[in-house]
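Nothing fancy with the numbering, it's 1 onward along the sequence.
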Amino acid sequence: MITSKMKYLMSSVTVLSLLIFALLNTGCTEEEIDTTPPGKVTNVEAEALNGGARLTFELPSDNDILFVKATYTNSLGNEVFKVSSRFKNAIEIDGFNDTEPHTVSLTVIDQHNNESESVEIVVTPLQSFIYLVQESIKMQPDLGGVKIEWENPLEKTVFVYVYYTDSEKENERILSSNNAMESFVIRGMDSVYYDFDVMIEDFNGNKTERAFVGKLKPLFEEKIDKAQWTLVDALSVDGNAWEGATVNFWDDVIDTKESPADNSYFIINRDNNGGILNYPLDIVIDFNKQIVLNRFVVWQRAYWYVDGNNGVSETPYYYQNENMRSFDLYASNDKQEWLLLGKFDIGDPKDEDGNIPAEKIQEAIDGHEFELDNTSDPFRYLKFSITSSYGSETNVYGSELTLFGLDNVNN
């Protein structure tokens, strides 16, 4: 027998079921996917560019446009695409390494991923900018290498492959830039004749043919002999504290971590310099001759005393508080007028836990090498101007300085 209470419950369940069904149906109606394609672009025009083209168009009046896509096949046979947002009416395409006609398809995409009818246009690009770069390349001998320059008026990323071959083997260097005017110096060459070839590649992988530039002989480069170097005390900080001495900076002895017997570093202590490390801390060297400088190497202090283990730390002191970090170099012939040769920074490779990568330890062991942007004119006096350490307010250390260029050029 069905009671009134049971009837009420059955009625409630029925109503609830109908409500859920209605809500579900309403939800489906509200979430129905819009499948109506947007309108297509109109008034499409193309402006030929070096290695590409600039396409302009008028957008349709649809309110839900997301972007316009240009699809085409580049010179490597790959289908690629470029897009522009609904706020723009132009797309720049690239990746062409020829001057042949190419078909580009323009499609409008809306917020529901619907695609419009495609509109095709044929573009014929101008000669690729990689050939413009290649044609502009100039090379000339430099100390221990060659200087290479080029123009890149479109400021597109290029990769310049430089091949140089002597009587024994071929070497390769890859240079990259997107600067309108670029200049690099390739070092580490002997003073013998090399054949130089270049090849240019763009970001898409298009390449020029390898082209012969010329036969060049790098200028002779030598290590500057330190036998005549002296300290200009009146213009220098005091680096003579405990076992340290300023002149140790050029004694051709590189400090190591294994033994305190090296003792080959300077120690600039604040108590010997007015009670404060007042940067910059200048070390002025008189070569007693004129030199030409194009690169140099500096070494940090490596040894650090600890209790136990015979007083020798298990790890070198590289990149730690009291070592020098950054410095400027100045040149002079009269100790009055100084020409800035460059600003340099060894950098801090420590992670948040203070760990140093093995390759950075090896770099410190080998010495930190720096190149000048341009080979210097002849000069007699060098000011090594320390601008920071790794944090100490008490001491600053440095082990060795070695210069490369042309020695004794006034004789």
Side-chain angles (χ1 to χ4, degrees), residues 223-233 236-270 272-273 277 279-287 293 295-306 310-329 341-350 356-371 382-404:
K223 175 185 173 183
I224 307 301
D225 184 71
K226 305 176 186 179
Q228 297 172 265
W229 296 16
T230 57
L231 176 68
V232 182
D233 287 285
S236 302
V237 298
D238 185 342
N240 307 317
W242 300 288
E243 74 276 14
T246 309
V247 294
N248 289 347
F249 199 30
W250 56 88
D251 63 357
D252 267 335
V253 179
I254 298 169
D255 184 47
T256 65
K257 79 174 184 67
E258 284 75 21
S259 171
D262 297 321
N263 286 342
S264 184
Y265 40 78
F266 60 76
I267 298 178
I268 302 172
N269 176 264
R270 67 182 180 185
N272 295 350
N273 292 277
L277 295 177
Y279 293 100
L281 306 172
D282 296 336
I283 297 175
V284 178
I285 304 169
D286 182 357
F287 300 130
L293 178 64
R295 66 183 178 96
F296 64 96
V297 184
V298 292
W299 284 264
Q300 304 174 56
R301 174 178 172 171
Y303 174 76
W304 191 249
Y305 177 83
V306 295
N310 296 319
V312 178
S313 172
E314 293 183 1
T315 57
Y317 193 66
Y318 301 136
Y319 311 105
Q320 303 305 317
N321 282 358
E322 297 181 345
N323 260 315
M324 64 179 181
R325 171 177 171 171
S326 63
F327 45 87
D328 302 338
L329 259 59
L341 299 177
K343 295 177 175 289
F344 307 94
D345 190 341
I346 294 173
D348 190 350
K350 295 190 294 293
I356 302 171
E359 63 269 19
K360 285 298 181 178
I361 294 294
Q362 189 60 52
E363 178 184 313
I365 293 172
D366 297 336
H368 305 283
E369 183 170 347
F370 297 93
E371 295 182 1
L382 177 73
K383 179 161 62 177
F384 191 95
S385 187
I386 302 169
T387 53
S388 73
S389 69
Y390 286 90
S392 175
E393 297 180 359
T394 305
N395 297 306
V396 177
Y397 306 144
S399 176
E400 191 67 25
L401 170 67
T402 296
L403 309 179
F404 295 89

Using the test ring-ring contact (aromatic ring centres under 6.0 Å, His included), find all partners of Phe370 that sit at least two apart in sequence or belong to another chain. Phe296, Phe327, Phe344
As an exercise, state the distance from CE of Met324 to OG of Ser399, rounded to the nearest 0.5 Å. 8.0 Å
Ignoring hydrogens and geometry beyond distance, is a side-chain donor-acceptor pair present between Tyr265 and Glu243 at under 3.5 Å? yes
When rounded to the nearest 0.5 angstrom, what distance separates CG in Asp348 from CG in Asn323? 11.0 Å
Do the non-hydrogen side-chain atoms of Glu322 and Arg301 ever get within less than 4.5 Å of each other? no
How about Tyr397 and Ser389: do any of their side-chain heavy atoms sit closer than 4.5 Å? no
Contacts of Tyr390 meeting ring-ring contact (aromatic ring centres under 6.0 Å, His included) (sequence neighbours excluded), chain-then-number -> none
In Å, rounded to the nearest 0.5 Å, how long is the span from OG1 of Thr394 to CD1 of Ile267? 12.0 Å
If the condition is ring-ring contact (aromatic ring centres under 6.0 Å, His included), which residues does Phe404 pass it with, not counting sequence neighbours? none
Going by ring-ring contact (aromatic ring centres under 6.0 Å, His included), name the residues that satisfy it together with Phe249, two or more places apart in sequence or in a different chain. Phe266, Phe384
Counterpart residues, salt bridge (charged side-chain N to carboxylate O under 4.0 Å, His left out), relative to Glu363 (two or more places apart): Lys360
Just verifying a value: how many Å separate Ser388 OG and Ile346 CD1, rounded to the nearest 0.5 Å? 8.5 Å
Quick one: OG1 on Thr246 to CG on Leu231, what's the gap to the nearest 0.5 Å? 5.5 Å
Kindly state each residue pair satisfying salt bridge (charged side-chain N to carboxylate O under 4.0 Å, His left out) with at least one member in residues 382-401, sequence neighbours excluded. Lys226-Glu400
Looking at CH2 of Trp229 and CG of Asp251, how far apart are the two atoms once the value is rounded to the nearest 0.5 Å? 11.0 Å
From CA spacing to verdict: side-chain contact (heavy atoms from CB on, under 4.5 Å), Thr315, Ile356: CA-CA 10 Å; Thr315 57; Ile356 302 171; over 6 Å; no
Test side-chain hydrogen bond (donor to acceptor under 3.5 Å, both in side chains) on Asp255 and Ser264; report intermediate values, then the result. CA-CA 5 Å; Asp255 184 47; Ser264 184; over 6 Å; no
